[in-house]
Every structure is written in structure tokens, then in C-alpha cells.
Amino acid sequence: MSSRGGGRQSMSELKLRRLIEHNQRLREDLARPRVRVSEASASLIRYCKTTKDHLVPSVWGPVGRAEDPYGQQTPGKCCTVQ
């Protein structure tokens, strides 16, 4: 009978430890700095309006070959492996 009591005690200790760990994670989540949705969306809109995206030429216009990071590279600028 005493072995069963010990098993119950270790099981309750395990549950208590899990609850304490979960509580700690929740406290860490609560301590995280928050940003209001309106501020985050305004920041995202501002970024999209000011950062040129070469993959959306309909918005930013055609991209010159020299400016296009996704275009074909000019010859002579590639690496050679020996």
C-alpha cells in the first residue's frame, strides 16, 4: 500500500511542477511588450509604401537590369570553384 501512496505523491508533484512551468510561461507571455493593432498596421502600410519591391512592377514600374536583384547576372561576376 505504501508504494501506491508514493506513486500518487510523485504524480501530484509532477502535476504541480507542470502547473508551475505553465504558470511561468504565461507570466513571460504577459510580460512581453505589446503593440496596438492600429500602430502595427500603420507601420506595415508605411513600410510597404516606402520599400520598393521589384517583384511588383505594376506598382513600382519597370525595373532596370542594373537594379534588378532577381534578374540575370552580368557575365564576369560569378564565382569559379576549382
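FYI, side chains are in, hydrogens and waters are out, and symmetry mates aren't considered; it's all heavy atoms of this structure.
- Atom OG1 of Thr50 and atom CD1 of Ile45 lie 11.5 Å apart (nearest 0.5 Å).
- Counting heavy atoms of neighbouring residues, nucleotides and ligands inside a 6.0 Å radius, atom CZ of Arg34 exceeds 12 of them.
- Atom NZ of Lys15 has 12 or fewer neighbouring heavy atoms from other residues, nucleotides or ligands inside a 6.0 Å radius.
- Atoms CG and CZ, from Leu14 and Arg18 in turn, are 4.5 Å apart once rounded to the nearest 0.5 Å.
- Residues that satisfy the side-chain hydrogen bond (donor to acceptor under 3.5 Å, both in side chains) test with Asp29, not counting sequence neighbours, are Arg32.
- Here the OG-CZ distance, from Ser10 to Arg17, works out to 10.0 Å after rounding to the nearest 0.5 Å.
- Although no hydrogens or angles enter the test, the distance criterion places a donor-acceptor pair under 3.5 Å between the side chain of Ser41 and the main chain of Val37.
- Rounded to the nearest 0.5 angstrom, Arg25 CZ and Ile20 CD1 are separated by 12.0 Å.
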